[in-house]
Amino acid sequence: MNNTIYFFSGTGNSLKIARDLAEKLENTELMPIAKLWQKRSIESISEKIGFIFPLYYSGLPKIVHDFIDKLNISRTNYVFTVVTSTGDINEQSLQQWDKLLKKKSKKLNAGFYVNMPNNYIIGFNVHSKERQKEFFENAIKQIKNMSEIINNQEDNITQEILEKDVSRSAKINKNFRDSVNESDKAFTVSENCNSCGICENVCPVDNIILISGIPEWQHKCQQCLACINFCPEKAIQYGKQTQKTQRYHHPEISIEEIAKQK
Ligand SMILES: Cc1cc2nc3c(=O)[nH]c(=O)nc-3n(C[C@H](O)[C@H](O)[C@H](O)COP(=O)(O)O)c2cc1C
Ligand code: SF4
Ligand code: SF4
């Protein structure tokens, strides 16, 4: 394959964007980061590569950050990224990419943000169905524009993007990555649990084991929130906040597709 898109997705937004974009690019394969990230080193043989993932605390998810460190991209000559988020963004994630790529003597050629529905239900409630529909419709339009830029190998990263002061966001994201593995200590399970095993299945990093039919978290969490959002019984809570919030996953992405990432 000439092109590879590496993706990570907890609740399907980033997977949906990755799938739709791949269809519009020439010769492109989708590669789940969750399948590769534990290997000691990974080599990409593609000339053009992309990274598609959700924004976490103003920057990269830990798993994505760890992955790029291990990836050998010496044969690549064009790198793009698509960051899905609820729109609470600045240029920190693009700067983060550019810095990580410079260590490999590469640069970020193109970067895009796509606004998608909220899955951070441990902080805020989900968007209304109408608002979700608007996000999906706008994303379709954006994918067409992105694919033209990427197919033509155009650059869209300006000096202004790279020089903006994002030090506060950089700190927030670093603190998040440093503490995220143990953040699962706040998960609890109610008596509604029917031992279906969906939470164990969708966890992209095998952080959940069912013991006597009840999920237990293993403290290597990425806080993707797949487990809590996909539980069909709403049996998982995170502190007190999630008793008040609804659950979200992308309507066109199934449990099986999320589980297949690893
Ligand atoms: C741990 C976590 C942190 C998040 N932080 C942000 C953020 O800083 N800004 C933002 O706009 N959205 C944030 N979000 C929302 C997600 O980026 C957004 O819903 C994304 O599209 C989810 O993608 P996925 O379905 O592929 O997992 C966060 C979500 C999670 C789970
Ligand atoms: S997904 Fe929900 S109901 Fe199923 S095993 Fe996990 S906690 Fe229990
Ligand atoms: S335990 Fe839940 S939140 Fe943590 S990585 Fe697994 S699915 Fe994501």
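As the structure lists them, so they are numbered: ligands from 1, and atoms in each ligand from 1. We number each residue from 1, following the sequence as shown.
Contacts between Ile214 and ligand 2 below 4.0 angstrom, taking non-hydrogen atoms only, are absent altogether. Contacts with ligand 3 closer than 4.0 Å are made by side-chain heavy atoms of Val205 only, the backbone lying farther away.
Looking only at distances, no side-chain donor or acceptor of Asn115 sits under 3.5 Å from a matching main-chain atom of Thr86. For the pair Asn173 (side chain) and Ser58 (backbone), a donor-acceptor distance under 3.5 Å is absent.
Nearest non-hydrogen protein atom to atom 13 (C) of ligand 1 is Leu55 O, 3.4 Å. Nearest protein heavy-atom neighbour of atom 3 (S) of ligand 3: Leu225 N, 3.2 Å. Atom 8 (O) of ligand 1 has as its closest protein heavy atom Ser58 N, 3.0 Å. Scanning all protein heavy atoms for the shortest distance to atom 23 (O) of ligand 1 gives Pro54 CB, 3.3 Å. Nearest protein heavy-atom neighbour of atom 4 (Fe) of ligand 3: Cys221 SG, 2.3 Å. In terms of protein heavy-atom proximity, atom 9 (N) of ligand 1 is closest to Asp88 O, 3.2 Å. Atom 20 (C) of ligand 1 has as its closest protein heavy atom Thr84 OG1, 3.4 Å.
Note on ligand 1: Gln223 sits in its first shell, one or more heavy atoms being nearer than 4.0 Å. Proximity of Pro117 to ligand 1 is established by a heavy-atom distance of less than 4.0 Å. A heavy-atom separation below 4.0 Å is not found between Ile89 and ligand 1.
Using a 4.0 Å cut-off between charged nitrogen and carboxylate oxygen, Lys24 and Glu148 do not count as a salt-bridge pair.
When each of Lys16, Arg19, Gln261 is checked for a side chain to side chain contact (heavy atoms under 4.5 Å, CB included) with Phe7, only Gln261 meets the rule.
Contact annotation: Cys231 places no N, O or S atom under 2.8 Å from atom 4 (Fe) of ligand 2.
Note: no N/O pair closer than 3.5 Å links Tyr120 and ligand 1 by distance alone.
Residue Ile208 has at least one heavy-atom neighbour below 4.0 Å for each of these atoms of ligand 3: 1 (S).
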task: Just do the ring-ring contact (aromatic ring centres under 6.0 Å, His included) check on Phe80 and Phe112 with the steps written out, would you?
output: CA-CA 8 Å; Phe80 66 92; Phe112 310 90; 7.1 Å; no

- request: Report the C-alpha distance between Tyr248 and Tyr120 in whole Å, list the side-chain angles of each, state the deciding distance to 0.1 Å, and finish with yes or no for side chain to side chain donor-acceptor pair (under 3.5 Å).
  value: CA-CA 9 Å; Tyr248 171 81; Tyr120 188 69; over 6 Å; no

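Outside the 6.0 Å centre-distance limit, the rings of Trp37 and Phe67 are not counted as a close aromatic pair. Centroid-to-centroid, the aromatic rings of Tyr57 and Phe176 come within less than 6.0 Å.
When Ile122, Ile121, Asn119 are ranked by how near their heavy atoms come to atom 22 (C) of ligand 1, first place goes to Asn119.
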